[in-house]
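The structure under discussion appears below in the form of C-alpha cells.
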Amino acid sequence: MKLHNTRSRKKESFVPMKKGQVLMYTCGPTVHDYAHIGNFRTFVFQDLLKRWLSRDGYKVKHVMNITDVDERTIERAKRKKVRLADVTEAYEKAFFDDLDALNINRANVYPRASEHIGEMVELSEKLIEKDSAFVEKDGSIYFDITKSHNYGSLSGKRPRDNLRRKTKREDYDEPAHFVLWKPRDEMDGMIYWKTSLGEGRPGWHSECATMALKYLGDSMDIHSGGVDLVFPHHENGKAISEALTGKEFSKYYLHAEHLIIDGQKMSKTLRNHFTLRDILKKGCSPAAVRLILLGTHYRKKLNFTFKKLDASEKKIKRLESFIKMLSGANAKKNSKTLEGDVLKLKRDFEDSLNNDLNPAPALRAFFAFIDKYKNKDISQKDAKRILKTLKELDSVLGIMRA
RNA sequence: GCCGAGGUGACAGAGCGGCUAUGUGGCGGACUGCAGAUCCGCAUAAGUGGGUUCAACUCCCGCCCUCGGCUCCA
C-alpha cells in the first residue's frame, strides 16, 4: 500500500513500525460549535484510511483529541454566559451524533485537552529544563524554534521565507516561537488553572504532543489532519515531541485538502458555511453525504455542490434498489460470469485503494458491477454471493444501510 | 518573497502511450392511463507553442491562465 507522506512530499510504501499494528493520531474537533461539512471531509477520509488498514489486517489504535480549551471555546462560553463545560459538552455530544450519522467508526480514545492540563504543564517544565523553551516576562512559556534542528522540515517552510513578508508590517516578530503556556488573562474570565507554572492555560500545540505521547508513546505511525494543520500545528507538535524524546514523532503525515462550496472557500460571510445538520435538513440521506465526501481523492480540493448531492443521492438509491431486488432473486440458472466479475471487482477495488487511497476507480468498479447485474435475472445463490461481496467492500466504504 | 495544486465535452469528474470512462443536464426512443422511476440509443472533449514516438488527452520542455497556503482554521 502506498501513502503520500507530507514530510517527503512523495508517495511511500506504507510499513508500520511494528508489524501488523498501526498507531494513529488524528486532530479532532474544537468543540465550540457544530462541526462543519469541511471538518467531516477530513474525518471521513481518516475513517476510510482506518477501515482500509483494518481490512488489510492491521490492528489500528486510533487516538483523536477533543480540543475543549482554546480561544474559541472560551469566547463562546463568555458570550453565552455559561460555564466552559456547558459549551464543550454540548458540542462534543453533537460531534459524536454527527459521526454516527456519517457512519464514521469510533477512535479508541478521545482524550480531552481539559483533562490533561497537568501533563501539559509537566511537558512545558521539561522543555524548559532541556532549554527548548523559555519563560517570558509575563509568565508565558514559548517553545524556542531555534533550538529545534529541523524546524520546518515537515511543512517545507523556512522561517526566513516569512520574514520578508512580515517585515513589510510593523508587528514582525522573528523567529516564530510559539506559545506552550499562557498566563491567566482577563479576556479568559474565570477560565484558568492553578499550576506550578502559575495561573493560566495551555497553548494549543502542546495538546496533541502531550496526548500522543501519553496514549501512543514516543512515536506513532500516522499523524493526520487537514492541510491547514501542516503549519503551524503539526510542525509545532512535531518539534515539541522530538525535542522531548529525541525520537521521530510520526513516521507518516497524511493531510486532507479542504472542501470548498461551489468553487468558493467556505466562510460565514459568504453564507456558504454549512454544518452537517444544515445539509441533512435539506432532506438528503447521510449516506449520500458520505459518498460525496468519500468520492474525491483526499489530496484534491473537494468541490461540494448541491447538484452533486443530488447525483450522489441517486447513486445511493440505485444501490438500495439493487439490494432490494436481490432479495427477490429467483432465476433458475446461475450466472457464468459472476465469479470472474467478483474477482475483478475486488482486485480493482484493492488496487485503487492501495494507491494512496484513490477512491474514484474503486467506486467506479463498485457501481459498474451493480449496473451490470441490476437488469439480469439472478439466481438465489448468485444473489447471496453478490450481497456478500458488496457487504465486504462496504465494510470499507460504509455507504450501505445495515 | 517563499511553497504548492490545477487547466478534459453544457456542467461535474476519472483512467489510460494506441481500445466508448462515468454521472448530471440535453436530444431521440421503450415502458406507463398521466407523472415519476427504470431501460435503450445519440451528440458534445482535452489552455497554448514546441519536443519524444509508428502513435499523446496521456511522457518531456516553454508560455498563458486559474487557484491555494505562508503562526484563527479540518
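Hydrogens, waters and symmetry mates are skipped; everything else that's a heavy atom, side chains included, is used. A, B, ... follow the sequence lines: proteins, then strands. Residue 1 opens every chain.
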Report task. Start with the C-alpha gap between A:Arg347 and A:Asp351, add the side-chain angles, then the distance that decides, and say whether salt bridge (Lys or Arg N to Asp or Glu O under 4.0 Å) holds. Result -> CA-CA 6 Å; A:Arg347 200 173 54 234; A:Asp351 287 350; 5.1 Å; no
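- Heavy atoms of A:Arg72 sit under 4.0 angstrom from primed sugar atoms or phosphate atoms, though from no base atom.
- B:U8 and B:U66 have their C1' atoms separated by 15 Å, given to the nearest Å.
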Ignoring hydrogens and angles, write down the donor-acceptor pairs under 3.5 Å from the side chains of residues 214-232 of chain A, residues two or more places apart or on other chains.
{"unit_1": "A:Lys214", "atom_1": "NZ", "unit_2": "A:Glu119", "atom_2": "OE2", "d": "2.8"}
{"unit_1": "A:Tyr215", "atom_1": "OH", "unit_2": "A:His116", "atom_2": "NE2", "d": "2.8"}
{"unit_1": "A:Asp218", "atom_1": "OD2", "unit_2": "A:Lys247", "atom_2": "NZ", "d": "2.8"}
{"unit_1": "A:Ser219", "atom_1": "OG", "unit_2": "A:Glu248", "atom_2": "O", "d": "2.6"}
{"unit_1": "A:Asp221", "atom_1": "OD1", "unit_2": "A:Met17", "atom_2": "N", "d": "2.7"}
{"unit_1": "A:Asp221", "atom_1": "OD2", "unit_2": "A:Leu23", "atom_2": "N", "d": "2.8"}
{"unit_1": "A:Ser224", "atom_1": "OG", "unit_2": "A:Gln46", "atom_2": "NE2", "d": "3.0"}
{"unit_1": "A:Ser224", "atom_1": "OG", "unit_2": "A:Leu254", "atom_2": "O", "d": "3.0"}
{"unit_1": "A:Asp228", "atom_1": "OD1", "unit_2": "A:His258", "atom_2": "NE2", "d": "3.1"}

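- Under the salt bridge (Lys or Arg N to Asp or Glu O under 4.0 Å) criterion, A:Asp382 pairs with no residue at all, not counting sequence neighbours.
- Distance noted for atom C1' between B:G18 and B:U53: 11 Å (whole Å).
- Residue contacts shown for A:Gly225 are limited to sugar-phosphate atoms, with no base heavy atom under 4.0 Å away.
- Of the side-chain N and O atoms in A:Lys300, one or more sit less than 4.0 angstrom from OP1 or OP2 of B:A14.
- Residue A:Lys301 has no polar side-chain atom (N or O) positioned under 4.0 Å from OP1 or OP2 of B:A5.
- The six-membered or imidazole ring of A:His177 lies near that of A:Phe134, with a centre-to-centre distance under 6.0 Å.
- We find that CG of A:Leu302 is positioned 16 Å from C1' of B:C67, with the value rounded to whole Å.
- A:Leu259 comes within 4.0 angstrom of a base, heavy atoms only.
- Within the 4.0 angstrom heavy-atom criterion, only backbone atoms of the sugar-phosphate kind lie near A:Lys374; the bases stay farther away.
- When rounded to the nearest whole Å, the span between CZ of A:Arg299 and C1' of B:C67 equals 17 Å.
- In this structure, the separation between CG on A:Asp278 and NE2 on A:His273 is 8.0 Å, given to the nearest 0.5 Å.
- Nucleic acid contact for A:Met64: none, since no nucleic acid atom lies under 4.0 Å from a heavy atom of the residue.
- Within the 4.0 angstrom heavy-atom criterion, base atoms lie near A:His258.
- For A:Glu115, the salt bridge (Lys or Arg N to Asp or Glu O under 4.0 Å) partners two or more places apart in sequence, or in a different chain, are A:Arg112.
- If you check every strand for non-hydrogen atoms under 4.0 Å, A:His255 touches nothing.
- Between B:C61 and B:U52, the distance separating the two P atoms is 15 Å to the nearest Å.
- The side chain of A:Phe231 lies closest to B:U71 when the candidates are B:A14, B:A12, B:U71.
- One interatomic measurement links the two molecules: CZ of A:Phe322 to P of B:U38, which rounds to 15 Å at whole-angstrom precision.
- Comparing the P positions of B:C27 and B:C65 gives an interatomic distance of 38 Å, to the nearest angstrom.
- Residue A:Arg41 contributes atom CZ, which lies 16 Å from atom C1' of B:C73 at whole-angstrom precision.
- One P atom belongs to B:C57, the other to B:G9, and the distance between them is 14 Å to the nearest Å.
- Taking a 6.0 Å sphere around CD of A:Glu75, one finds it holds more than 12 heavy atoms contributed by other residues, nucleotides or ligands.
- Atom CZ in A:Phe349 sits roughly 16 Å away from atom C1' in B:A14 (whole-Å rounding).
- No side-chain donor-acceptor contact under 3.5 Å links A:Glu242 and A:Ser148.
- As rounded to the nearest Å, B:A21 and B:A46 have C1' atoms that lie 14 Å from one another.
- Counting to the nearest Å, the C1' atom of B:A12 and the CG atom of A:Leu309 are 14 Å from each other.
- A straight line from CD of A:Glu207 to C1' of B:C73 spans 14 Å, rounded to a whole angstrom.
- Distance noted for atom P between B:A43 and B:C34: 29 Å (whole Å).
- Each of A:Arg299, A:Lys300, A:Lys11, A:Lys2 was compared with A:Asp356 under the salt bridge (charged side-chain N to carboxylate O under 4.0 Å, His left out) criterion, and only A:Arg299 meets it.
- Within a 6.0 Å sphere centred on NZ of A:Lys381, heavy atoms belonging to other residues, nucleotides or ligands number 12 at most.
- Contact annotation: A:Arg9 side-chain N/O to B:G4 OP1/OP2 distance is under 4.0 Å.
- Remark: A:Asn236 engages A:Tyr151, A:His205 in a side chain to side chain donor-acceptor pair (under 3.5 Å) (not counting sequence neighbours).
- Remark: C1' of B:A37 and NZ of A:Lys324 are 12 Å apart, rounded to the nearest angstrom.
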**Report entry** Intra- and interstrand pairs of RNA chain B - dot-bracket, Watson-Crick/G-U under 3.5 Å, | marks other strand
**Finding:** (((((((..(((.....[...))).(((((.......)))))....(((((..]....))))))))))))....
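- If you check the side chains of A:Asn65 and A:Glu207, you find a donor sitting under 3.5 Å from an acceptor.
- Both A:Ala256 and A:Pro232 lie close to RNA chain B; mapped to their nearest nucleotides by heavy-atom distance, the more 5′-ward contact belongs to A:Pro232.
- Using P as the reference atom, B:G4 and B:A10 are 34 Å apart when rounded to the nearest Å.
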Requested in this report: Using a 4.0 Å heavy-atom cut-off, write out nucleotides 15-29 of chain B from 5' to 3' as B (base contacted by protein), S (sugar-phosphate only) or - (no contact).
Outcome: S-----B-SSS----
